[in-house]
Amino acid sequence: TGIVRAFSESDGLPAKPVPTVFAEDRAGNIWAALYHGGLARYRQGHFAVFTEKDGLAGFIQTLFVDSAGRLWIGTSSRGLVCVEDPAADRPSFAAYGLAQGLSSSSIGALTEDRWGRIYAATGRGIDRFKPESGGLGRVQRFTTADGVAGGELDLAFRDRQNNLWFSTPLGLSQFVPMEDPVRPPPPVLVTGLNVGGVAQAVSDLGQLAVTGLRFPERPLRVDYVGLEFQPGGALRYQYLL
């Protein structure tokens with residue numbers, strides 16, 4: 001319109017708002033993180049401010065709206081917060097942290113690949129997950145061992161070729177995502193066997209099975225390992241005794 005408008009307390013903002021990062025949801029609402037705490041949503045000519053009592057906590061470092069329309073909020077110390085319906089009259093905030101599989105409570109940047117997987121850049125690498133109903137689903141982790149540049153990740157970007165870029169103060173990383181292939185379970189090797197405090201003979205390279213033995217003593221200890229060489233591999237184990 002060619003007019004610059006200044007917003008104030010009369011528009012629903014706190015006395016001294018200091019917006020830091022912005023995002024726009026599918027309904028055209030503008031979200032702004034406030035330096036002194038809280039998150040403001042501009043809708044229908046008025047601001048509504050959401051704070052810790054609404055489920056927000058920690059300094060907000062990044063905002064991201066994914067392809068499904070969800071708003072993701074990355075904080076400095078409280079992990080991720082997700083708003084499933086940012087356009088709702090009373091949006092709900094769901095928090096996810098270390099207990100839900102994230103590698104860090106500090107989320108510096110967020111992006112998404114074309115398969116709908118979310119990438120959270122943290123101080124301990126990149127966490128990738130595909131949101132499921134009521135949670136994050138399986139979280140994969142990419143670190144310097146997979147080629148990520150060292151240092152705390154602070155920016156994430158997806159280009160027109162669907163490549164992902166991540167930056168740290170020490171370097172830049174490019175990641176070309178691919179669809180997850182369907183792979184059979186990795187081989188599992190028995191690497192140690194101890195019965196009643198006495199070690200049994202097991203190959204130094206591990207064995208697929210140890211058979212033909214009887215053990216009247218206890219305790220029984222079995223060491224085992226799965227072999228996974230894919231980047232971001234994070235094996236989960238089941239056992240039955």
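This chain uses plain numbering: 1 for the first residue, then up along the sequence.
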Next on the checklist: For the CG atom of Asp89 and the CZ atom of Arg43, what is their distance to the nearest 0.5 Å?
Outcome noted: 4.5 Å

Checklist entry - Is there a donor-acceptor pair closer than 3.5 Å between any side-chain N or O of Lys16 and the backbone N or O of His36? => result no

Checklist entry - Short question: side chain of Gln61, backbone of Ile107 - any donor-acceptor pair under 3.5 Å? => result yes

Next on the checklist: Minimum heavy-atom separation for Ala88 and Arg41, please, with both atom names.
Outcome noted: O-NH1, 2.8 Å

Checklist entry - Is there a donor-acceptor pair closer than 3.5 Å between any side-chain N or O of Arg124 and the backbone N or O of Ser103? => result yes

Checklist entry - Backbone N or O of Lys130 within a donor-acceptor pair of the Glu132 side chain at under 3.5 Å? => result no

Item to check | Check: Phe166 ring centre within less than 6.0 Å of Phe142 ring centre | outcome: no

Next on the checklist: Is there a side-chain contact between Leu39 and Asp54 in this structure, where contact means two heavy atoms from C-beta onward sitting under 4.5 Å apart?
Outcome noted: no

Checklist entry - Does Thr168 reach the main-chain N or O of Gly150 with its side chain, forming a donor-acceptor pair under 3.5 Å? => result yes

Checklist entry - Got a donor-acceptor contact below 3.5 angstrom from the Thr75 side chain to the Gly79 backbone? => result yes

Checklist entry - Using 30° and 60° as the class limits, which term best fits the ring planes of Phe7 and Phe47: parallel, tilted or perpendicular? => result perpendicular

Checklist entry - Asp154 and Pro169: which non-hydrogen atoms are nearest, and at how many Å? => result OD2-CD, 4.0 Å

Next on the checklist: Under a 3.5 Å cutoff, is there a donor and acceptor pairing between the side chains of Ser10 and Ser8?
Outcome noted: yes

Checklist entry - Taking the six-membered ring for Trp, are Trp31 and Phe93 parallel (under 30°), tilted (30 to 60°) or perpendicular (over 60°)? => result perpendicular

Item to check | ILVMFWY network linking Val195 to Val222, side-chain heavy atoms under 4.5 angstrom | outcome: yes

Item to check | Side chain Asp113, main chain Trp115, donor-acceptor under 3.5 Å | outcome: yes

Item to check | Expected output: side-chain Gln100 to main-chain Leu136 donor-acceptor under 3.5 Å | outcome: no

